[in-house]
Undergrad: 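Questions regarding the structure given below will be posed in turn.
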Amino acid sequence: CDIFDDLTTAAGNIICALVFGQRFDYGDTRFLDLQRTMKNIGAAIGAVKRQFALTTFIPFAPNPEKKIRFLSEKLHHFIQEQIDHHRLNFDPEDPRDFIDYCLLQLGKQEGGGTWLK
């Protein structure tokens, strides 16, 4: 058993509880997919750093930037789903987590803000 994976899972769940107001079961497929996506983004960024010198001179070298873009869009989609779900259940009198506080502040801004739309 790798303690690093257990610690990463526990820390990820704490972050999800603070940001999304939801703790995921460790076997939850969406949570496992989120963890894989974050791990793959980190690995792809590392690959870009290692390959940067080579990829600028080799036209058919693997392009890790495409993978980073794909994974970032996947992460954005997950976060957008969470924000949309929060909007449906949003109670300005009882903010539950970070997203609710952001929605509350956006509601106070002139024009309602645009960065979470």
Undergrad: What pair of heavy atoms forms the shortest contact from Asp97 to Ala17, and how long is it?
TA: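 The pair with the smallest heavy-atom distance is CB-O, 4.4 Å.
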Undergrad: Quick one: which residue pairs count as a ring pair (Phe, Tyr, Trp, His ring centres under 6.0 Å) with a foot in residues 78-97, not counting sequence neighbours?
TA: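 Sorted pair list: Phe20-Phe78.
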Undergrad: Could you give me the CA-CA distance, side-chain angles and deciding distance for Gln35 and Thr9, then say whether side chain to side chain donor-acceptor pair (under 3.5 Å) is met?
TA: CA-CA 8 Å; Gln35 281 192 293; Thr9 299; 3.1 Å; yes
Undergrad: Within the 4.5 Å heavy-atom criterion, are Asn89 and Arg96 side-chain neighbours or not?
TA: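 Result yes, sub-4.5 Å side-chain heavy-atom pair found.
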Undergrad: Would you sort out whether His77 and Glu81 count as a side chain to side chain donor-acceptor pair (under 3.5 Å), showing the intermediate values?
TA: CA-CA 6 Å; His77 179 73; Glu81 282 180 345; 3.0 Å; yes
Undergrad: Establish whether Val19 and Phe24 are linked, either directly or via other cluster members, by ILVMFWY side-chain heavy-atom contacts under 4.5 Å.
TA: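 Yes, Val19 and Phe24 fall within the same hydrophobic cluster.
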Undergrad: Within a 6.0 Å radius of atom CZ on Phe70, are there more than 12 heavy atoms belonging to other residues, nucleotides or ligands?
TA: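 Counting other residues, nucleotides and ligands, CZ of Phe70 stays at 12 neighbours or fewer.
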Undergrad: Working to the nearest 0.5 Å, report the span between CZ of Phe31 and CD of Gln22.
TA: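 Separation between the atoms: 10.0 Å.
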Undergrad: When you compare the side chain of Ile83 with that of Cys102, does any pair of heavy atoms fall below 4.5 Å?
TA: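 Of all side-chain heavy-atom pairs linking Ile83 with Cys102, none is under 4.5 Å.
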Undergrad: Test of understanding: clusters of I, L, V, M, F, W, Y form through side-chain heavy atoms closer than 4.5 Å, transitively. Do Ile99 and Ile15 belong to the same one?
TA: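 Yes; Ile15 is reachable from Ile99 via cluster members.
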Undergrad: How far apart are the closest heavy atoms of Leu32 and Gly27, and which atoms are they?
TA: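 The answer is CD1-O, 3.7 Å.
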Undergrad: Where is the tightest heavy-atom contact between Ala10 and Tyr26, given as atom of each residue plus distance?
TA: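 Between these two residues, the closest heavy atoms are CA-OH, 3.8 Å.
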Undergrad: When clusters are formed by joining ILVMFWY residues with side-chain heavy atoms under 4.5 Å apart, either directly or through shared neighbours, do Tyr101 and Leu18 land in the same one?
TA: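 No.
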Undergrad: If every non-hydrogen atom of Ile41 is compared with every non-hydrogen atom of Ser72, which pair is closest and at what distance?
TA: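 What the structure gives for the nearest pair is CD1-N, 4.2 Å.
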Undergrad: Drop me the distance from His76's NE2 to Lys74's NZ, to the nearest 0.5 angstrom.
TA: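 With rounding to 0.5 Å, NE2 (His76) is 15.5 Å from NZ (Lys74).
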Undergrad: May I ask you to test the Asp28-Asp33 pair for a side-chain heavy-atom distance under 4.5 Å?
TA: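 No, every pair of side-chain atoms sits at 4.5 Å or beyond.
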Undergrad: At what distance, to the nearest 0.5 angstrom, does CD of Glu73 lie from CD1 of Ile68?
TA: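 Those atoms lie 12.5 Å apart.
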Undergrad: Mind checking the OG1-CG spacing from Thr8 to Asn13? Nearest 0.5 Å is all I need.
TA: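 One gets 12.0 Å once the value is rounded to the nearest 0.5 Å.
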